[in-house]
> 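Take a look at the following structure, please.
Each chain gets a letter, A, B and so on, in the order its sequence line appears, and its residues count up from 1.
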Amino acid sequence: MPEGKLVVSLTVNGQPVSATPETTVAAAVLIAGGYTRASVSGEPRAPLCGMGICFECRVWIDGRQHQRSCQILCAPGMDVRTP
Amino acid sequence: MRFDVVVVGAGPAGIAASVTSAREGRRVALVDDNLAAGGQIWRSGEALPRNAQKWIAALRSSEVLHLRGLQVFDHPAAGVILAERGEDCVALRYSKLILATGARELFLPFPGWTLPNVFGAGGLDAMARGGLPVAGKRVVVAGTGPLLLAVAAHLAARGAKIVAICEQAPLRRVVAFAGRMLKQPGKLLQGVGYGWGVRSKIHFSCWPVAAYGKTAIESVTLRKGKKQWTVFCDFLGCGFHLVPNTELAQLIGCQIDEGFVATDELQQTSVENVLCAGEPTGIGGVEMALIEGQIAGLAAVGAVEEARRLARRRRKMLGFVSALRKAYALDPELRRLAAENTIVCRCEDVAHGALREHRCWRDAKLQTRCGMGPCQGRVCGAATEFLFGWRADGVRPPVFPALVSSLAGANFVSGNSSEA
């Protein structure tokens with residue numbers, strides 16, 4: 001992460017992650033080393049389209065499920081959950 | 001909320017349309033599901049081209065009401081669309097509606113394409129612009145279309161190691177297309193600018209046949225004719241050019257020809273008071289989208305003379321649209337990429353082997369749940385059209401998954417549900 005930029009602190013599955021305010025939640029999940037969802041047969045999945053149409057990036061954010069993380073920017077104190 | 005003109009989609013076409021209508025003194029709303037204006041092609045996070053800066057500045061200084069992060073999901077009656085953001089739902093009433101819903105990438109299934117860190121080509125670019133670190137990462141960019149070079153150049157500028165660029169189209173067709181662009185020096189310079197630094201990595205008539213990895217992609221096997229080789233990579237961006245977003249137009253009942261929204265020369269669709277501009281009318285790129293947006297913006301407010309003048313300019317650009325389509329037409333061999341157990345529908349995990357015995361999209365949908373997940377066939381519908389020649393059937397509301405409360409007409413931030 002470039003120095004001197006504002007930093008946002010959030011958690012992904014309880015693990016602290018620092019990101020710039022321009023970072024999407026989808027990118028933060030990948031930075032944290034995770035994936036975004038488990039498919040109906042249990043495969044790990046991560047974003048495909050990056051533009052909100054494939055729904056592979058769905059995560060829980062602050063207790064709300066099915067949030068398309070590639071369309072949402074990181075915010076301070078955000079609680080992101082993935083399988 | 002009531003407007004003279006409602007524009008759906010804040011890419012180049014939608015920005016041009018809304019700014020143009022607002023200049024004529026009309027009350028205009030521009031509704032978009034993204035957080036920033038520019039659509040997919042003018043994604044922020046990077047210095048934008050000059051015409052992008054110009055148009056986005058024009059939007060900012062205009063009277064257009066730009067509604068961000070709002071997903072349009074229904075058109076319950078003529079003159080009104082419904083959109084939601086989080087738990088809020090809003091009814092937007094229009095005298096004229098301009099659809100500028102853009103395009104998405106075509107994704108074709110191949111073994112391993114569902115692994116994490118396999119993205120679309122534009123998808124990987126969008127993720128990088130959204131903060132995914134690519135510096136030092138080994139990246140393969142694959143698929144087809146002029147976008148591949150732009151993506152590779154952009155990722156390289158961010159420090160990615162471009163391992164290979166695989167363009168499925170043969171060299172001779174791309175050269176013929178480039179030759180045509182010589183007649184439009186601006187476009188050619190654009191292409192050269194994109195590709196110069198990474199051009200030595202390009203392979204033509206080449207595509208990925210399988211991606212491998214345990215929890216994410218680690219390597220990809222590429223094929224060019226009879227030659228096949230495997231490279232290590234951290235990210236694969238693979239997209240087979242663009243398919244138009246026509247779902248909302250279909251829901252409204254606009255006539256679709258060969259997969260695109262049919263319009264007259266003033267961007268009027270077959271439905272009264274509904275216009276369409278940009279990629280949904282034909283994949284033509286930014287300049288085409290801008291001119292169509294302006295034509296629609298003028299036509300919507302009755303500035304017909306001015307609109308016709310621009311329509312004459314647009315007509316001269318149509319050759320580019322068909323040249324683009326011919327140059328990057330898909331190799332039929334790509335239909336054989338998916339194996340028996342390769343997932344085609346990622347939402348419902350439906351494999352190729354379970355689909356190919358069906359006669360049509362509707363049949364497959366009912367028997368296998370293909371296309372029944374939250375993406376509503378936006379990924380697998382286009383893929384099965386190429387793989388099996390299926391055409392997706394009619395669109396029903398909601399065109400995007402919506403909250404039950406929104407569907408029930410509750411949570412209206414403007415007026416109440418009886419207004420809907």
> Side chains of A:Met51 and B:Glu105: does their closest heavy-atom pair fall under 4.5 Å?
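A side-chain contact is absent here, since even the closest heavy-atom pair is not under 4.5 Å.
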> Which one of B:Gly123, B:Gly373, B:Ala216 has the most heavy-atom pairs closer than 4.5 Å to chain A?
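Most heavy-atom pairs under 4.5 Å with chain A: B:Gly123.
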> State, yes or no, whether a side-chain contact exists between B:Asn34 and A:Gln71 at a heavy-atom distance under 4.5 Å.
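SC-SC contact between B:Asn34 and A:Gln71 confirmed.
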> Are any non-hydrogen side-chain atoms of A:Leu48 and B:Trp113 less than 4.5 angstrom apart?
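The answer is yes, as the side chains (C-beta and beyond) meet within the 4.5 Å cut-off.
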> Which region of B:Ile343, side chain (C-beta onward) or backbone (N, CA, C, O), has a non-hydrogen atom less than 4.5 Å from a non-hydrogen atom of chain A, or is it both or neither?
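For B:Ile343, the contact with chain A is made by the side chain alone.
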> Given a strict heavy-atom distance threshold of 4.5 Å, which part of A:Gln67 is in contact with chain B: side chain, backbone, both, or neither?
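Neither part.
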> Are the side chains of B:Pro401 and A:His66 in contact, using a 4.5 Å heavy-atom criterion?
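Side chain of A:His66 against side chain of B:Pro401, heavy atoms only: no contact under 4.5 Å found.
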> Tell me which of these, B:Gly130, B:Gly131, B:Gly120, has more heavy-atom pairs under 4.5 Å with chain A than the rest.
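Among B:Gly130, B:Gly131, B:Gly120, the one with the most close pairs to chain A is B:Gly130.
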> At a 4.5 Å cut-off on heavy atoms, which part of B:Asn117 comes close to chain A: side chain, backbone, both, or neither?
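Contact with chain A: backbone and side chain both.
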> At a heavy-atom distance under 4.5 Å, which candidate from A:Gly52, A:Cys57, A:Ala27 has the highest pair count against chain B?
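Most heavy-atom pairs within the cutoff with chain B belong to A:Ala27.
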> If you count heavy-atom pairs under 4.5 Å with chain A, which of B:Gly69, B:Ala121, B:Cys347, B:Cys238 comes out on top?
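Counting heavy-atom pairs under 4.5 Å, the top option is B:Cys347.
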> Can you tell me how far apart CD (A:Glu43) and CG (B:Asp349) are? Round to the nearest 0.5 Å.
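Here the interatomic distance stands at 5.5 Å.
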> Can you see which heavy atom on B:Ala126 is nearest to which on A:Gly50, and at what distance?
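That closest heavy-atom pairing would be CB-O, 3.6 Å.
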> Closest heavy-atom contact between A:Tyr35 and B:Pro116?
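Smallest interatomic distance, heavy atoms only, reads CB-CG, 4.4 Å.
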> Does A:Cys49 reach the side chain of B:Arg104, with side-chain heavy atoms less than 4.5 Å apart?
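Side-chain contact under 4.5 Å: no.
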> Which one wins on heavy-atom pair count under 4.5 Å against chain B: A:Leu73, A:Leu30, A:Ile72?
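Looking at each of A:Leu73, A:Leu30, A:Ile72 in turn, A:Leu30 comes out on top.
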> Indicate the atoms forming the closest heavy-atom contact of B:Cys375 with A:Cys54, along with that distance.
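Result for this residue pair: CB-O, 3.8 Å.
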> With a 4.5 Å heavy-atom cut-off, do B:Gln71 and A:Arg68 have their side chains touching?
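Yes, at least one pair of side-chain atoms sits under 4.5 Å.
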> May I ask you to name which of B:Glu348, B:Gln376, B:Met127, B:Arg378 has the most heavy-atom pairs under 4.5 Å with chain A?
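Sorted descending by pairs with chain A, the first entry is B:Met127.
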> In terms of heavy-atom pairs under 4.5 Å, which option from A:Thr23, A:Val25, A:Ile31, A:Thr36 contacts chain B the most?
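Ranked by contacts with chain B, first place is A:Thr23.
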> Whether the side chain of A:Arg45 engages the backbone of B:Arg346 through a donor-acceptor N/O pair (distance < 3.5 Å, no angle test) should be reported.
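Yes.
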